[in-house]
Amino acid sequence: MNSQNSNLAGVPHTHPAGVCQIRAENIHKRFGNLEVLKGVSLTVNKGEVVVIMGPSGSGKTTFIRCLNFLEEPDQGQVMVCNLDVACGLRVASRERSSKIRQLRVKAAMVFQSFNLYPHMTALGNVIEGPIQVLGMRRDEAVKSGEQLLAKVGLADKRDEHPSRLSGGQKQRVAIARALAMNPEVVLFDEPTSALDPELHEEVLQTMRQLAGDGMTMIVVTHEVKFAHEVADRVVFMADGVVVEEGLPQEILVNPQHPRTRSFLRLVDH
Ligand SMILES: Nc1ncnc2c1ncn2[C@@H]1O[C@H](COP(=O)(O)OP(=O)(O)OP(=O)(O)O)[C@@H](O)[C@H]1O
């Protein structure tokens, strides 16, 4: 059964109702004495776009890094596309390490600071993962890498190194690189925060297209307009917990709505 969800931008999301793509239960994480996540739970269905917002330091980045084990949660359970990984185990078994590797392929990440390899061209960055991790043949990886660069509007930048690309172009290469792993979910960690304001739109437009294609996305961002237009659901975090969760239409539009008031307090930092 399919459910249709069109958001305010008119980006149609058609996704099988209730097919869970990510489930995080009761995630706890501390760095030394600082308890950053105090029991965060989130379920995201296939094709959903969930935007996570909240004040600086509330644990948003730490939470999405826990979803693909770039940070090891101290406690809880993460399930990505039927792969269940228990957290907080001090001893890594071979089976657990293999599950975490698979989970990272299924849940690709786009970082605030792009993290491109500076010594590789745009295409080189995009094909590295498919060749090294997925064992794809080079000619196949090049063909699909070129298609992905075209998809993000950078076919003509194929042979440029990152130092010769603008911030927005670098971030679009990073998105193509994430997609090259054929992920089930893309996790975006403040993808526009490191960019000059005039470069935000080109990255957000690429993300809108991806949402329109039905990609499951979790996006940490302060971009209220993007959340309003594209998100199926907005989650607010503060002080290591989820404090609000709901439809962007309900939360972000009406300033009299109690959730909007608390949201505006949260992002006003
Ligand atoms: N590796 C780390 N070691 C120690 N402290 C950390 C580490 N990573 C994050 N923190 C701390 O955890 C808290 C939450 O950080 P996090 O980056 O998750 O917040 P955030 O909500 O994403 O903030 P922002 O919107 O500013 O990016 C902060 O106080 C931060 O200093």
Side-chain angles (χ1 to χ4, degrees), residues 22-44 49-78 80 85 87-90 92 100 103-104 107-116 167-168 170-171 174-175 178 185-197 199-200 203-204 207 217-228 230-231 233-246 248 251-252 259-269:
I22 286 204
R23 180 158 46 235
E25 280 175 17
N26 196 28
I27 300 299
H28 288 254
K29 177 71 183 172
R30 60 166 61 238
F31 295 109
N33 289 332
L34 181 65
E35 193 180 10
V36 177
L37 300 178
K38 303 170 182 170
V40 178
S41 298
L42 180 70
T43 299
V44 180
V49 178
V50 172
V51 167
I52 303 180
M53 299 182 132
S56 186
S58 55
K60 306 177 299 292
T61 292
T62 303
F63 176 63
I64 64 162
R65 287 172 65 84
C66 282
L67 294 179
N68 70 355
F69 286 79
L70 288 177
E71 295 293 353
E72 172 85 40
D74 297 327
Q75 192 187 320
Q77 184 93 15
V78 174
V80 177
V85 185
C87 309
L89 303 180
R90 294 286 167 247
I100 290 174
L103 185 146
R104 285 191 185 141
M109 185 114 174
V110 174
F111 300 90
Q112 182 175 350
S113 51
F114 329 125
N115 293 10
L116 297 178
K170 282 183 215 171
Q171 193 57 294
I175 293 172
V185 180
V186 184
L187 310 170
F188 291 88
D189 183 16
E190 302 197 27
T192 56
S193 296
L195 303 176
D196 291 337
L199 300 177
H200 288 201
V203 172
L204 295 175
M207 292 168 65
M217 295 163 54
I218 303 182
V219 185
V220 172
T221 185
H222 297 290
E223 301 271 358
V224 176
K225 184 165 172 275
F226 175 82
H228 189 201
V230 182
R233 208 154 24 107
V234 178
V235 170
F236 300 139
M237 286 181 65
D239 198 22
V241 295
V242 172
V243 291
E244 301 278 8
E245 188 173 340
I251 296 176
L252 300 176
R259 285 203 270 202
T260 305
R261 286 205 300 272
S262 72
F263 161 71
L264 292 174
R265 271 202 312 276
L266 288 175
V267 294
D268 185 20
H269 62 91

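Not measured: the values here are computed from a predicted model. Numbers here simply count residues along the sequence, with the first being 1. Atoms within a ligand are numbered from 1 in the order they appear, just like the ligands themselves.
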**Q** Checking the side chain of S41 only, and the main-chain atoms of N26 only, is there a donor and an acceptor separated by less than 3.5 Å?
**A**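 It does hold such a pair.
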**Q** Any idea which part of H222 is under 4.0 Å from ligand 1, heavy-atom wise: side chain, backbone, both or neither?
**A**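 Side chain only.
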**Q** How does V220 reach ligand 1, if at all, at less than 4.0 Å between non-hydrogen atoms: by side chain, backbone, both, or neither?
**A** neither
**Q** Donor-acceptor pair, distance only, cut-off 3.5 Å: does the side chain of R233 make one with the backbone of E245?
**A** no
**Q** Heavy-atom contacts with L34 under 4.0 Å: which atoms of ligand 1 show up? List them by number with element.
**A** 11 (C), 12 (O), 29 (O)
**Q** So for G54, does at least one of its heavy atoms come nearer than 4.0 angstrom to any atom of ligand 1?
**A** no
**Q** Between D74 and R30 (side chain of the first, backbone of the second, donor and acceptor by atom type, cut-off under 3.5 Å), is there such a pair?
**A** yes
**Q** So which bit of P55 gets within less than 4.0 Å of ligand 1, heavy atoms only: side chain, backbone, both or neither?
**A**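 Contact part for P55 vs ligand 1: backbone (N, CA, C, O).
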**Q** Would you check whether S58 has a nitrogen or oxygen atom less than 3.5 angstrom from a nitrogen or oxygen atom of ligand 1?
**A**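 Yes, since at least one N or O of S58 sits under 3.5 Å from an N or O of ligand 1.
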**Q** Checking H200 side chain against T192 main chain: does a donor-acceptor pair fall under 3.5 Å?
**A**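 Side chain of H200 to backbone of T192, a donor-acceptor pair under 3.5 Å: yes, one is there.
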**Q** Distance under 4.0 Å to a non-hydrogen atom of S56: what atoms of ligand 1 satisfy this?
**A**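 In order of number, 23 (O), 24 (P), 25 (O), 26 (O).
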**Q** Considering only heavy atoms, does T62 approach ligand 1 within less than 4.0 Å through its side chain, its backbone, both, or neither?
**A**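 It is both backbone and side chain that touch ligand 1.
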**Q** Main chain of F111, side chain of Q171: is a donor-acceptor contact present, judged purely on distance under 3.5 Å?
**A** yes
**Q** Please say whether F31 places an N or O atom under 3.5 Å from an N or O atom belonging to ligand 1.
**A** no
**Q** Tell me, do V230 and M207 make a side-chain contact under 4.5 Å, heavy atoms counted?
**A** no
**Q** Which atoms of ligand 1 are found less than 4.0 Å from any heavy atom of V36?
**A**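 Checking each atom against V36, I get 12 (O), 13 (C), 14 (C).
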**Q** Between I64 and K60, is there a side-chain heavy-atom distance shorter than 4.5 Å?
**A**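 Result no, sub-4.5 Å side-chain heavy-atom pair not found.
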